[in-house]
Amino acid sequence: MTATLTPPAAGPAASVRAGSVPRRRTRLLALPEVRWAAAATALFLLALPLQFAGAPAWIWGPLYALSYATGGWEPGWEGLKALRDRTLDVDLLMVVAALGAASIGQVMDGALLIVIFATSGALEALATARTADSVRGLLDLAPATATRIAADGSEQTLPVDELAVGDTVLVRPGESIGADGRVLDGASEVDQASITGEPLPAAKGPGDEVFAGTLNGTGALRVRVERDASDTVIARIVRMVEEASETKAPTQLFIEKVEQRYSLGMVAATLAVFGVPLAFGEAFSEALLRAMTFMIVASPCAVVLATVPPLLSAIANAGRHGVLVKSAVAMERLGQIDAVALDKTGTLTEGTPRVVDVRTLPERGLDEADLLTLAAAAEHPSEHPLARAVVDAARERGLDLPAAEDFTSSPGIGVRAVVGGRTVEVGAPARLLAEPEPEPGAEAEVEVEVESECAADAGGDTDGVVAALARELEESGRTAVLVVVDGTPAGVLGIADRLRPDAAASVAALTVLTGTAPTLLTGDNPRAAAHLAAEAGIEDVRAGLLPQDKVGAVRELECAGYRVMVVGDGVNDAPALAAAHIGVAMGRAGSDLALETADAVIVRDELAAVPATVALSRRARELVVQNLVIAGVFIAGLVVWDLAGTLPLPLGVAGHEGSTVLVGLNGLRLLRDAAWKRAAAEGTG
């Protein structure tokens, strides 16, 4: 298919920059809490100067009344509904205190209480909305419509929600891809930075997978839809993160349990503060004012607000940087871990085998380029991952691959092809040199094998050299692949999964953060695992594990008193992810099961984001403790002042609500990019 179609006008999708997530911010006035708080504040500010200027009460009085109504009706209504369910809500206590102040002539003081209380509620709603913004912003990556190609070749523009699995869609140059699928026809480069974090566009052609929300380049693509709109990578990520605001951290749940008893005790104490002085002859108005002031300053609003904003802010900040934490519980647990278990393939490594060694046999007269050219030409028709690694290595070196003829491939045996008049075979050295026939049911470490009849023609000396080369490569953690040309061994290729560039630094950072060196849990062979672990700086290596063995290793660590974080990406990691104190999945190559099971997903596939998120979680926990201390000091100080002396109601209102606003703003500090940069610095230190 040619790429001569006229690009559409640039839209929101075209403005997506590499590595960024579109920001869809909720307007302040779109939040009802903000609107009511703004109205109450405006009415209060209109009434206050009129009262101080000596205007008649019939002018400023209604303004205060409207301020009470606009700022207090919603918390009052919610409090009455809670009371109907036999629970005592702090919001209702605040409204009662304000009405009590008005009943004894302190109209301005009660209105001030309503205004400050409504403002603190608006701040909490804003913090929650900002978290939701970071989640909904992901939806902006996917277009609203797509072009479906009918069986007769006609085109139809329709909403992406109406696409079905099996449909074929046309993606023009510059358009955002509307569905997860696979390329049927065409060639282009696709900017996948918003999903994978790759800095450069990825080349896409027939057979390649593409994702909804990624940006097409200069070519046109025909894509077969493979997932419903509700099941795309973007949609699954959004669903996972939306659960964050619906779950609450254990600290908050504990506070809510205490809040009911505390509120009942506070009501009883308020009645005592009112009744005891009254019984000893204090004036009714003074006793009521002292009791109302006590109720206000002793309210646990600031304590309740101490937990939510820091955790939700940390979730929002991490989401903007490609780490999607599913819940406040998960964000809190990330900061509690003191042991880490890492998977190998796709987690510590890139998950893609690569040719890292090319060893030739000089007597065959082939140099490295010749050997790799013949092997890659023979492997080119194969779809095996190791075959792809050989072909990719040849292309990276700029080698021209001749056409292969008479290609044959048999499961468990290998490939053979005629390249430039030479018969080329590729396979496992142990099989080629030692076994005349593959035994029924036998398993080989490398699936790409050849018929071993050529081993009979290989001299004993050559066999020994090949065996020595293969052993050397395997001892260094490589998979050895023998190349045979015209029945005689010509060289050995070493294939390995490359360590992520940030793996060693991330392992060191996790060691510093937890005080315990990470453990490597892998199903790979012990030799390859030990070699890679040494490169990454890991000493505790547990190799050859089945999924249940990984769970057993996690249980063993937990029995030793550790709270374990497991980081993995495959189906075989899912049981361990579920069993751990916290599970983290690598998002780029992670299986659906791993993504669903994990408590957090590293969308951009950057291992360095794991220690950064742990550091951010610990910062959130520090802010929770700070907020609880701030709230406790304010409450204790104001209560003592009210009981031991005479605390003016306006000062009590300002102190109490000021502490509530203070802890709310303190929690919102984690929304700043500086908070992530600081966490990332700790995660690399």
Side-chain angles (χ1 to χ4, degrees), residues 1-18 20-24 135-198 200-240 242 380-381 383 388 587-589 591-592 595 603:
M1 172 179 288
T2 60
T4 58
L5 298 175
T6 303
S15 64
V16 178
R17 294 177 296 178
S20 67
V21 174
R23 303 289 297 279
R24 183 193 299 181
V135 177
R136 289 196 305 270
L138 294 172
L139 293 173
D140 287 334
L141 295 172
T145 61
T147 302
R148 183 172 63 186
I149 301 175
D152 59 2
S154 61
E155 299 179 6
Q156 177 186 10
T157 300
L158 73 169
V160 293
D161 292 342
E162 296 182 14
L163 292 176
V165 174
D167 284 348
T168 299
V169 296
L170 173 64
V171 184
R172 293 184 170 88
E175 287 186 342
S176 186
I177 297 174
D180 285 6
R182 200 165 296 275
V183 177
L184 294 176
D185 186 24
S188 184
E189 291 184 338
V190 177
D191 183 356
Q192 300 185 140
S194 56
I195 300 295
T196 66
E198 292 176 297
L200 299 176
K204 297 292 182 181
D208 291 333
E209 186 177 17
V210 293
F211 303 102
T214 55
L215 187 64
N216 188 26
T218 57
L221 300 173
R222 290 177 183 264
V223 177
R224 182 180 66 246
V225 178
E226 293 189 341
R227 292 191 184 97
D228 291 329
S230 61
D231 197 38
T232 62
V233 173
I234 288 292
R236 292 204 309 270
I237 289 172
V238 169
R239 284 200 304 271
M240 288 189 295
E242 281 178 338
H380 188 268
E383 292 299 325
R388 295 296 88 204
R588 179 180 177 185
S591 68
D592 290 348
L595 294 176
V603 177

J.: Rounded to the nearest 0.5 Å, how far does CG of Leu184 lie from CZ of Arg222?
T.: 9.0 Å
J.: Which residue pairs satisfy the side chain to side chain donor-acceptor pair (under 3.5 Å) criterion with at least one member in residues 155-165, sequence neighbours excluded?
T.: Arg148-Gln156, Glu155-Arg172
J.: Please list, chain by chain and in numerical order, all residues satisfying side-chain contact (heavy atoms from CB on, under 4.5 Å) with Ala151, sequence neighbours excluded.
T.: none
J.: Check whether any side-chain heavy atom of Leu221 lies under 4.5 Å from a side-chain heavy atom of Val190, and answer yes or no.
T.: yes
J.: Can a donor-acceptor pair be found, under 3.5 Å and without considering hydrogens, that links the side chain of Asp180 to the backbone of Ala212?
T.: yes
J.: Could you tell me which non-hydrogen atom of Gly219 sits nearest to which non-hydrogen atom of Ser188, and how far apart they are?
T.: N-OG, 3.1 Å
J.: Closest approach of Ala146 and Leu163, non-hydrogen atoms and distance?
T.: CB-CD1, 3.9 Å
J.: State the CG-CG distance between Leu158 and Asp167, to the nearest 0.5 angstrom.
T.: 7.5 Å
J.: Does any pair with a residue in residues 206-216 pass salt bridge (charged side-chain N to carboxylate O under 4.0 Å, His left out), and if so which ones, sequence neighbours excluded?
T.: Glu209-Arg227
J.: Looking at every heavy atom in both Val183 and Gly205, which two are closest together, and how far apart are they?
T.: CB-O, 3.1 Å
J.: What is the distance from atom CG of Leu170 to atom CD1 of Ile149, rounded to the nearest 0.5 Å?
T.: 4.5 Å
J.: So which heavy atom on Arg182 is nearest to which on Glu226, and how close?
T.: NE-OE2, 3.2 Å
